[in-house]
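Reviewing the structure listed below.
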Amino acid sequence: MTTYDYDLFVIGAGSGGVRAARISSGHGARVAIAEEYRVGGTCVIRGCVPKKLLVYGSHFAEDLVDARRFGWTIGEKGFDWPTLRDNVMAEVDRINGSYTDTLTSHNVELYHDHAELLDAHTIKVGDKTVTADKILIATGARPLVPDLPGAELGITSNEIFHLDRLPKSLAIAGGGYIANEFAGVFHELGVKVTLVNRGDTILRGYDEALRDRLLQISMTKGIKFVFNCNVERFEKIEGGGVRAFVGGDDPIEAEMLLWAIGRRPNIEGLGLEAAGVRLNDKGAIAVDAASHTNVENIWAVGDVTDRIQLTPVAIREGHAFADTVFGNKPWTVDHETVPSAVFSNPPIASVGMTEAQAKTKLGTVKIFTSDFRPMRNVLAGRNERSLYKLVVDSATDVVVGAHMIGPDAPEILQALAIAVKAKLTKAQFDDTVALHPTMAEELVLMR
Ligand code: FAD
């Protein structure tokens, strides 16, 4: 019988990899993990966590204005970017440390190095070569930078958290959630933001009514949008900044350019060919429902498989892998009805089918909406309306989708997602007594 150095070797210590390593070790496997950058992965180091802290930090700009209407005297306001940046990075360091401690306390051996498959059981990690019975690839994804002349003048979400100082103006290429989140953050921090999009809309995949509402509110706040924009090349502006040349139109100029046009699976330099691992037509590692690749002893989870690029999904996939392969408790992740949010200003949150998807899939649907100005905004004199929408299957009365834009929408939607996942009916929503005065009570008052 062949003996290997490890029962499991995990490549990538991000959301999916760390969970899989920890649980597999708990099931008795001898586990090692390789990380070429920082333990915690995208979410902890340069994604969800620092992003959300910047969202909190930037929101004070509006809160301080609104506070006056609530009787507060605010002295001279000032904002210091290095203070916010350094405090956010200190929190990132803290979480990075606790992830590393988790691996150590679960007896997972950590290699701080790039890992590459030499064959289906052999891994080159730094200058060492080790073997493993089973391998899990959890290498995540990275920001896409297009192949255009001068594109390297832009930065990506990897760099944005570390800026020495804030630019006066920022052009953000993209229209997805990352583009809209950074647009909200940097606008609130006083940067002139222009969102430049190749398509004619933002947030493809989200319910149209919410996308329109965010666009309208963002424009009212002062964020500029340029749609149907085909950028051909970029050049440095003498004295600082970037100029984007757009087919037929005036060039767009900004002090800084941020690429937020999508994320690509991290598959380069992994040795996938040497191990015989196949990709799908999106360039991601092809897996079945159990995250199993075409190679008998190799699995893959998280963004590198490009199913749903969200942290809780990667974590679940890693957990299901560990329970199934080492815990004798097989289960698979349900990729339906996964809630998601855009931490824009105001935020959007969504679960289940959009109105358009439900009409295509179910035929007849009933739509219930509540379009209201939150109490707090009314007193603050802030003319920003929230919009909640429930999509109901006419045949069964089941609520198949819930979509919200407004303050705290993601916090409210997490609880609402349980009801949608549990396939509760609109009648059951109506049967629930409102909790007054809240914004969330609108969810049980839509008639
Ligand atoms: P990752 O967490 O990316 O981990 C992969 C790890 O593998 C990395 O640490 C990488 O360095 C390492 N690695 C890669 N190749 C190798 C190699 N060959 N050898 C050794 N190590 C290697 N998701 C949410 O759910 N909510 C959010 O609010 C949210 N906000 C985001 C904001 C931003 C700006 C970004 C960029 C992402 C955000 N995401 C969010 C997405 C989320 O971060 C990812 O879905 C999640 O981190 C995926 O986990 P993963 O385990 O697949 O990969």
Side-chain angles (χ1 to χ4, degrees), residues 9-21 32-56 88 92 95-96 99-100 103 110-118 123-126 135-144 155-161 172 174 176-183 185 258-272 275 284-285 287 291 299-319 321 338-344 347-349 410 414:
F9 195 96
V10 181
I11 307 181
S15 306
V18 168
R19 174 61 67 93
I33 193 166
E35 172 53 55
E36 67 181 5
Y37 185 54
R38 295 186 69 190
V39 172
T42 305
C43 178
V44 171
I45 308 296
R46 45 198 185 185
C48 336
V49 171
K51 178 271 305 277
K52 185 75 186 283
L53 292 170
L54 289 190
V55 169
Y56 281 132
V88 169
V92 165
I95 305 178
N96 162 248
Y99 266 67
T100 309
L103 290 174
L110 173 61
Y111 289 86
H112 271 293
D113 254 313
H114 178 84
E116 181 187 345
L117 299 170
L118 298 180
I123 308 110
K124 181 172 177 298
V125 54
I135 289 167
L136 178 70
I137 302 170
T139 50
R142 64 176 191 289
L144 176 67
I155 62 165
T156 69
S157 57
N158 288 349
E159 292 80 41
I160 196 116
F161 299 109
I172 303 178
Y177 81 96
I178 293 176
N180 281 280
E181 291 176 342
F182 283 126
V185 164
L258 171 69
W259 288 113
I261 55 171
R263 295 178 57 77
R264 287 289 166 272
N266 269 331
I267 49 160
E268 278 79 22
L270 250 184
L272 295 180
I285 295 183
V287 286
S291 299
W299 286 256
V301 295
D303 286 5
V304 74
T305 64
D306 201 9
R307 286 173 280 185
I308 301 178
Q309 291 195 349
L310 289 174
T311 282
V313 176
I315 289 175
R316 263 182 184 246
E317 289 168 358
H319 203 131
F321 156 80
V338 171
S340 66
V342 183
F343 293 94
S344 43
I348 283 178
Q414 176 66 86

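We're numbering straight along the sequence, starting at 1. We count ligands from 1, going down the list as the structure has it; atoms in each ligand are counted the same way.
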Which pairs of nitrogen or oxygen atoms, taken one from ligand 1 and one from the protein, are under 3.5 angstrom apart?
| unit_1 | atom_1 | unit_2 | atom_2 | d |
| --- | --- | --- | --- | --- |
| ligand 1 | 2 (O) | Ser15 | N | 3.4 |
| ligand 1 | 2 (O) | Thr42 | N | 3.1 |
| ligand 1 | 3 (O) | Thr42 | OG1 | 2.5 |
| ligand 1 | 9 (O) | Glu35 | OE1 | 2.7 |
| ligand 1 | 9 (O) | Glu35 | OE2 | 3.0 |
| ligand 1 | 11 (O) | Glu35 | OE2 | 2.6 |
| ligand 1 | 18 (N) | His114 | ND1 | 3.3 |
| ligand 1 | 18 (N) | Ala115 | O | 3.0 |
| ligand 1 | 19 (N) | Ala115 | N | 2.9 |
| ligand 1 | 21 (N) | Glu36 | N | 3.1 |
| ligand 1 | 25 (O) | Thr311 | N | 3.0 |
| ligand 1 | 28 (O) | Lys51 | NZ | 2.8 |
| ligand 1 | 30 (N) | Lys51 | NZ | 2.9 |
| ligand 1 | 39 (N) | Tyr177 | OH | 3.1 |
| ligand 1 | 43 (O) | Cys43 | N | 3.4 |
| ligand 1 | 45 (O) | Asp303 | OD1 | 2.9 |
| ligand 1 | 45 (O) | Asp303 | OD2 | 3.1 |
| ligand 1 | 45 (O) | Leu310 | N | 3.3 |
| ligand 1 | 47 (O) | Cys43 | N | 3.4 |
| ligand 1 | 51 (O) | Ser15 | N | 3.2 |
| ligand 1 | 51 (O) | Gly16 | N | 2.8 |
| ligand 1 | 52 (O) | Asp303 | N | 2.8 |

Arg307: partners by side-chain contact (heavy atoms from CB on, under 4.5 Å), with sequence neighbours left out
Val287, Ser291, Thr305, Glu317, His335
Quick check: are there more than 12 heavy atoms from other residues, nucleotides or ligands sitting under 6.0 Å from CZ of Arg316?
no
With sequence neighbours excluded, what pairs up with Lys51 under the side-chain contact (heavy atoms from CB on, under 4.5 Å) test?
Val55, Phe161, Tyr177, Glu181, Phe343
Those residues that, when tested against Asp113, pass side-chain contact (heavy atoms from CB on, under 4.5 Å) (two or more places apart):
Val125
Atom pair CD1/OG1 of Ile95 and Thr100 - distance to nearest 0.5 Å:
11.5 Å
Could you tell me the separation between the CZ atom of Arg142 and the OH atom of Tyr37, rounded to the nearest 0.5 Å?
15.5 Å
